[in-house]
Amino acid sequence: MAVKIKKLRVKIKGYDAKVVESSSKMVLEAAYSTGSKVLGPVLLPRRRRIYCVTRSPHIEKRSMEHFEKNSHVRLIDILEPTVQTVDSLQHLELPAGVDVEVKSLLE
């Protein structure tokens with residue numbers, strides 16, 4: 001009894017927008033080369049975290065530094081993937097600093 005995968009959802013996260021874009025293009029090329037239908041990449045809203053840190057630990061409380069960290073997310077849906085599609089996604093070499101999460105939706 002074989003289980004047929006209806007859709008793969010690939011979520012790519014990272015702090016650098018250029019690296020996230022290049023890795024999403026690599027995922028798209030891997031999916032297109034195996035003949036699967038692709039929806040995306042969908043740009044999800046970036047998450048912006050701001051941190052306030054005092055410059056000196058003992059005096060001048062009003063003197064603070066502000067740092068921010070932006071995280072960029074792309075979402076790609078691969079419809080009707082084949083075994084070759086899953087195999088090519090597993091053997092894909094992505095750059096450092098990118099987190100890839102793959103979920104499969106079964107029939």
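The chain is numbered in sequence order, starting from 1.
When hydrophobic residues (I, L, V, M, F, W, Y) are linked wherever their side-chain heavy atoms come within less than 4.5 Å, the members clustered with L39 are L79.
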When the side chains of residues 20-31 are checked against the rest of the protein, which donor-acceptor pairs come out under 3.5 Å, sequence neighbours left out?
residue, atom, partner, partner atom, Å
E21, OE2, R74, NE, 2.6
E21, OE2, R74, NH2, 3.0
S22, OG, K18, O, 3.4
S22, OG, V19, O, 2.9
S23, OG, V19, O, 3.1
S23, OG, V20, O, 2.9
S24, OG, V20, O, 3.4
S24, OG, E21, O, 2.7

Pairs of donor and acceptor atoms involving the side chains of residues 88-95, under 3.5 Å and at least two apart or interchain, shall be tabulated with distances.
residue, atom, partner, partner atom, Å
S88, OG, Q84, O, 3.2
S88, OG, T85, O, 2.8
H91, NE2, D87, OD1, 3.0

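For E60, there are no salt bridge (charged side-chain N to carboxylate O under 4.0 Å, His left out) partners, not counting sequence neighbours. Scanning for side chain to side chain donor-acceptor pair (under 3.5 Å) contacts around R48 gives E68, with sequence neighbours left out. Under the salt bridge (charged side-chain N to carboxylate O under 4.0 Å, His left out) criterion, R49 pairs with no residue, sequence neighbours left out. Residues that satisfy the side chain to side chain donor-acceptor pair (under 3.5 Å) test with R9, not counting sequence neighbours, are D77.
Taking 4.5 Å as the limit, some side-chain heavy atom of I76 sits within range of a side-chain heavy atom of V38. F67 places none of its side-chain heavy atoms less than 4.5 Å from the side chain of I50. Counting heavy atoms from C-beta on, the side chains of T54 and K61 come closer than 4.5 Å.
Looking at every heavy atom in both residues, Y15 comes nearest to N70 through CD2-O, 3.3 Å. Shortest non-hydrogen contact noted between I12 and V98 is CG2-CG1, 3.5 Å. When every heavy atom of S63 is checked against every heavy atom of R55, the shortest pair comes out as OG-CD, 3.0 Å. In plain terms, the two heavy atoms of C52 and M64 that are nearest each other are CB-CE, 3.9 Å.
A side chain to side chain contact (heavy atoms under 4.5 Å, CB included) with L75 is found for one member of V10, L43, V42 and no other, namely V42.
Rounding to the nearest 0.5 Å gives a distance of 9.5 Å between OG of S71 and CZ of R46.
Taking a 6.0 Å sphere around CZ of R47, one finds it holds 12 or fewer heavy atoms contributed by other residues, nucleotides or ligands.
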